[in-house]
Structures are given as structure tokens and as C-alpha cells.
Amino acid sequence: MRSFLLFLPAFLLMAAAQAQPKNIRKWANEEILLKKDIRNAHTGICILDPATGKYWLQYQDDKFFMPASNTKIFTLFTGLRLLGDSLPAMRYAEDDTAVYIQGTADPSFLHPDFTYQPVKDFLTQTDKRIWLAPAIIKNKRFGPGWAWSDYADYYQPELNAWPMYGNVARINITGSAYTVTPEYFARDLQLVRETAPTEVLADRDERSNRFVLHYRTDDRSSHDFEVPFITGGNEQLAQRLQDTLRKAVGLLDKPVSAQSSILKSIPVDTLFEPMMHRSDNFFAEQILMMCSTMLGDTIDTRKTIRYMLDSVLQDLPQPPSWVDGSGLSRYNLITPRDFVYVLEKMYKTYPKERLWPLFPGGGKGTLRSYYQQLPGRLYAKTGTLSGCVALSGYLVTKSGKTLVFSVLVNNHDTTSTVVRRAVERFLLKVANG
């Protein structure tokens, strides 16, 4: 009996190993590695069974790739580790006559996605004089390696210590009529009528918050735009707060005291989910900035990254070049095996009931046109830059086994759709094989 019990674990491990499809490498070759439109690309694949620790497939998984928005997986893990249950909304201190406030990089303030606004409620209800203190911030308005010419594109809002409205102006153009939120950006706005068959467009000057709206005389349909605005310094921030609160906001020349309190805002998962589902770059960047405020009195993405790489991620298989929260930077270089390492850590740390909803599922979010055949069986983060397609996450096989995977493709010479469909066909075979 004792010998049988000693043999049983080995037998179970052998049975688990035999559950691995024998054709998995063949499927990878057929659908991706030797595929006509993709075979010249730089491709890495890593698939792990976390229950046994056995890799089902490793192909160039120790090579570095530009991960695009797969970088947000590192950001999600960092937020889960450092932010607690709710976002830090602001630092503040009070005395008998005044309240002193300082930004903590919370992106939810006055953002239309979030109805719960504790900072606005607090500042609106106080009868004390409001003083805005400067945050200690090392971040620049854009991340390292970002495209400078994308300053007016919705996916690249500026980064700052106290975001408002998501740091974008929301503009609707219907015929020759328009609305702008927040309204004060309508003060310096030009409306251009297009008689030629050009597109309806909202744009902004490179160096000022002067918006230019182009409309067509023959187009009466409604068009919505999000155009990033220049956040400026503390004077501009104080002015925006005054316009919002309709009360005076004074400026201080030094940060609030070390004994200041932190007012909390929305639950963290209500920010993590849209960050992952729609691949929100702004939320991702501000998450790492908020994390740095939990580590000290300075807002500094680099500090957050250094802390993570020197502590909970010190055992990454290949130390990455990780420079931002969103993946907009082409300076990011991460291996497929590193992604699997982080995903496995999350899988073993947080319950599936919490973790799965944070990732887009098949047919939802950035995967709304993909993996519709795997409802409830695939949860993954997409990533796309020019010449770069990435997908990393969790896959549940037809036998109920959960796999952790990462597929990164760089330097392809076809369309992103062709690559995404090829990866989809491969993973469908893995899931159902």
C-alpha cells in the first residue's frame, strides 16, 4: 500500500503530461511560424500549465519583444500589489480656516466614467479657504519614447499630478453645431466649414489649447471626439479647479505636510477593468504614478518600476526593459516567458472570480471580434503597434485545464488582422485539441 501511495504522485504527473496535445508544435508551425504572411516575423510563444509547472510550448520565449499594450499586464499586477482597495484621490491637511490639497495622480476626478466623486464633494461642501499645493512629480507630460506628433490623439493624453476630465476635451460636432466639455475650452475655438469632401475632425494646436473643429456642410450626423488638452502648471490647474468648484483656489509654493491625510476615491477594480478591456493608456500611466505616491511623497513612474523589479519581480526569467505603464513606448522590451511569469503570479495570488473579469474575454472589449467560440474560456490582453501584435493571458482547455500563455509577434510585414487571426486559429486548436 505504501509503495502505491509513493507511486501515485508520479503517476498523476505523468497523466497530466500526457494531457498535453502532441500536435501543439505542429499547430504553431501551421498557423503562425511557417505561415506565408508571418514566417519572416520575429515570433515568441510560451504556454505553461501552472498546475504542473510544465511548459507545453516554448519558442523563442526568452527573446525580447516590443510588447505594446501587453505592458498593461505588468501595470495591472503593480496596481493590485500597491494600491490597496481604493484609489488615492488626493493628499490634504486642514486647520481652522483652510484646507490644503495636493494631487496624487488619480485619473477618476471628474471623469465621465465615474459618478462617485468624493474629492469634488469634499471641496464643494467645505466652507474653508482652499489652497492647492504643488506635488513633487518627476514624470514629464509624455512617457519616454512616445510619438511627439500624437499630442492631439485621444489615446495619448498628457500625464500630470491632478488629472481632470481624463485630461481630454470631449467634443461633439453635429452639422455646424458643437458642444465642448469642459466648457471653458470653447472660449478659444475655431470652426472651419469644409465644402470639399473631407472628414469631420476635431484638432488642436500643438502648443496651445486652441481647438479647431472641421465640419462638412453635407453631413448632419453626430461625431464625438476626445482631444487631449495641455495640462500646464499649477496656475492652470488652480484655474480649472476654480471654474469647476465655482470658488476661489489659492496657490502654495510647497507641498502639504508629511502628516497629511489621503482621501480615497473609487474601488481599484473599477479602474483596472476599463484599463484592460479598452486598453486605456491614460489609466495605465496614472496607475503607476498613483503607486509611487503609496511608496513615498514623489510621483515618479520610474520609482514604481524600480521598486517592482527589485522586489516582487526580482526573479523574472529575463530582466526586462520596462519604461512606461501603457506600452506606448517602443523602449519596452519584454519576453513571452516574463509575461507568463507575471500572469502565473497573479493566477496564484488572486481568485479567478476577481482576476478573470479584469481581462477582456472572448468576444468582449478589445477581443470583441475574436475568440467568440471560447466564451468563458479565454481571458487575455491584446497589444498592437505598427509591426507588433501581442496577446497574453489565460486559456481554459475543453478538459477544464487552465493554461497561461503569451504570443508576441514583432516586425511582421502584413496587417495586424492577419496576425491576430493566425494566433486565434492556433489558440483555438490548443483550447479544443
Legend entry - Non-hydrogen side-chain atoms of S265 and L87 separated by less than 4.5 Å: yes
Inset, instruction - With the side chain counted from C-beta on, respond yes when L271 and P107 share a heavy-atom pair under 4.5 Å apart, and no when they do not. - result: yes
Inset, instruction - Side-chain contact test, heavy atoms from C-beta onward, threshold under 4.5 Å: evaluate it for V342 versus L316 and give yes or no. - result: yes
Inset, instruction - Verify, without hydrogens or angle tests, whether R91 (side chain) and A133 (backbone) share a donor-acceptor contact under 3.5 angstrom. - result: no
Inset, instruction - Assess whether atom OH of Y154 is packed by more than 12 heavy atoms of other residues, nucleotides or ligands within 6.0 Å. - result: no
Legend entry - Closest approach of A28 to L57 (non-hydrogen atoms, all atoms of both residues): CB-CD2, 3.9 Å
Legend entry - Shortest non-hydrogen separation from T293 to P88 and the atoms involved: OG1-CG, 4.0 Å
Inset, instruction - Kindly compute the distance separating CD1 (I130) from CG (L123), expressed to the nearest 0.5 Å. - result: 4.5 Å
Inset, instruction - Check the pair T415, T417 against side chain to side chain donor-acceptor pair (under 3.5 Å), reporting the backbone distance first and the verdict last. - result: CA-CA 5 Å; T415 66; T417 300; 4.7 Å; no
Inset, instruction - Classify the angle between the aromatic ring planes of Y347 and W356 as parallel (below 30°), tilted (30 to 60°) or perpendicular (above 60°). - result: parallel
Legend entry - Pairwise side-chain contact, F405 with L378, heavy-atom cut-off 4.5 Å (strictly under): yes
Legend entry - H277 side chain to F359 backbone, donor-acceptor under 3.5 Å: yes
Inset, instruction - Could you tell me whether the side chain of D188 and the main chain of F185 form a donor-acceptor pair under 3.5 Å? - result: no
Inset, instruction - Keeping the roles fixed (side chain from E199, backbone from R216), state whether a donor-acceptor pair exists under 3.5 Å. - result: no
Legend entry - Within-4.5 Å side-chain heavy-atom neighbours: I230 and Y151: no
Inset, instruction - Using the salt bridge (Lys or Arg N to Asp or Glu O under 4.0 Å) rule, collect all pairs that involve residues 119-136, keeping only residues at least two apart or in two chains. - result: E94-K128
Inset, instruction - Tell me, please, which residues at least two apart from Q117 pass side-chain hydrogen bond (donor to acceptor under 3.5 Å, both in side chains). - result: none
Inset, instruction - Decide, yes or no, whether a salt bridge links D205 with R207 under the criterion of side-chain N to carboxylate O below 4.0 Å. - result: no
Legend entry - Flag, side chain of Q190 to backbone of V212, donor-acceptor distance under 3.5 Å: no
Inset, instruction - Let me know which of V256, L132, L263 forms a side chain to side chain contact (heavy atoms under 4.5 Å, CB included) with M90. - result: L263
Inset, instruction - Check the surroundings of atom CZ in R330: do more than 12 heavy atoms from other residues, nucleotides or ligands lie under 6.0 Å from it? - result: yes
Legend entry - Closest approach of N332 to G327 (non-hydrogen atoms, all atoms of both residues): ND2-CA, 3.7 Å
Inset, instruction - Can you see which heavy atom on I262 is nearest to which on Y92, and at what distance? - result: C-CE2, 4.1 Å
Legend entry - Stepwise side chain to side chain donor-acceptor pair (under 3.5 Å) test for D106 and T104: CA-CA 6 Å; D106 178 6; T104 52; 5.8 Å; no
Inset, instruction - For the residue pair Y341 and L313, establish whether any side-chain heavy-atom pair is separated by less than 4.5 Å. - result: yes
Legend entry - Residue pairs, two or more places apart or on separate chains, that pass salt bridge (Lys or Arg N to Asp or Glu O under 4.0 Å) and touch residues 142-159: R141-E158
Legend entry - Any I101 side-chain heavy atom under 4.5 Å of W131 side chain: no
Inset, instruction - Could you tell me whether the side chain of K138 reaches within less than 4.5 Å of the side chain of K303, counting heavy atoms only? - result: no
Inset, instruction - Scan for salt bridge (Lys or Arg N to Asp or Glu O under 4.0 Å) pairs involving residues 232-248, sequence neighbours excluded, and state none if there are none. - result: R187-D243
Inset, instruction - Begin with the C-alpha distance, continue with both residues' side-chain angles, and end with the deciding distance and a verdict on ring-ring contact (aromatic ring centres under 6.0 Å, His included) for F282 and H111. - result: CA-CA 12 Å; F282 179 64; H111 195 290; 7.3 Å; no
Distance-only criterion, 3.5 Å: show the donor-acceptor pairs between side-chain atoms of residues 66-75 and protein atoms not counting sequence neighbours.
{"from": "S69", "atom 1": "OG", "to": "K72", "atom 2": "NZ", "distance (Å)": "2.8"}
{"from": "S69", "atom 1": "OG", "to": "S279", "atom 2": "OG", "distance (Å)": "3.0"}
{"from": "N70", "atom 1": "OD1", "to": "S392", "atom 2": "N", "distance (Å)": "3.4"}
{"from": "N70", "atom 1": "OD1", "to": "S392", "atom 2": "OG", "distance (Å)": "2.6"}
{"from": "N70", "atom 1": "ND2", "to": "K381", "atom 2": "O", "distance (Å)": "2.8"}
{"from": "N70", "atom 1": "ND2", "to": "T382", "atom 2": "O", "distance (Å)": "3.2"}
{"from": "T71", "atom 1": "OG1", "to": "A68", "atom 2": "O", "distance (Å)": "2.8"}
{"from": "K72", "atom 1": "NZ", "to": "S279", "atom 2": "OG", "distance (Å)": "3.1"}
{"from": "K72", "atom 1": "NZ", "to": "N281", "atom 2": "OD1", "distance (Å)": "2.8"}
{"from": "K72", "atom 1": "NZ", "to": "S326", "atom 2": "O", "distance (Å)": "2.9"}
{"from": "T75", "atom 1": "OG1", "to": "G325", "atom 2": "O", "distance (Å)": "2.6"}

Inset, instruction - Please check if the side chain of R420 supplies one atom and the backbone of A422 the other of a donor-acceptor pair under 3.5 Å. - result: no
Legend entry - Donor-acceptor contact below 3.5 Å, side chain Q156 vs main chain A152: no
Inset, instruction - Given side chain to side chain donor-acceptor pair (under 3.5 Å), test D324 with T301 step by step and report yes or no. - result: CA-CA 7 Å; D324 71 4; T301 291; over 6 Å; no
Inset, instruction - Give the C-alpha distance, both sets of side-chain angles, the deciding distance and a yes or no for side chain to side chain contact (heavy atoms under 4.5 Å, CB included) between T78 and W322. - result: CA-CA 12 Å; T78 302; W322 174 22; 3.4 Å; yes
Inset, instruction - Could you tell me whether the side chain of T335 and the main chain of D338 form a donor-acceptor pair under 3.5 Å? - result: yes
Inset, instruction - Please confirm whether the backbone N or O of A135 pairs with a side-chain atom of Q102, one donor and one acceptor, at under 3.5 Å? - result: no
Inset, instruction - Hey, could you give me each pair passing salt bridge (Lys or Arg N to Asp or Glu O under 4.0 Å) that has a residue in residues 284-299? Not counting sequence neighbours. - result: none
Legend entry - Residues, nucleotides or ligands: over 12 heavy atoms within 6.0 Å of K264 NZ: yes
Inset, instruction - Look at the aromatic rings of F225 and H223 and report parallel, tilted or perpendicular, splitting at 30° and 60°. - result: parallel
Legend entry - Exceeds 12 heavy-atom contacts within 6.0 angstrom, atom CZ of R368: no
Inset, instruction - Please answer whether the main-chain N or O of T43 pairs with a side-chain N or O of Q60 as donor and acceptor at a distance below 3.5 Å. - result: yes
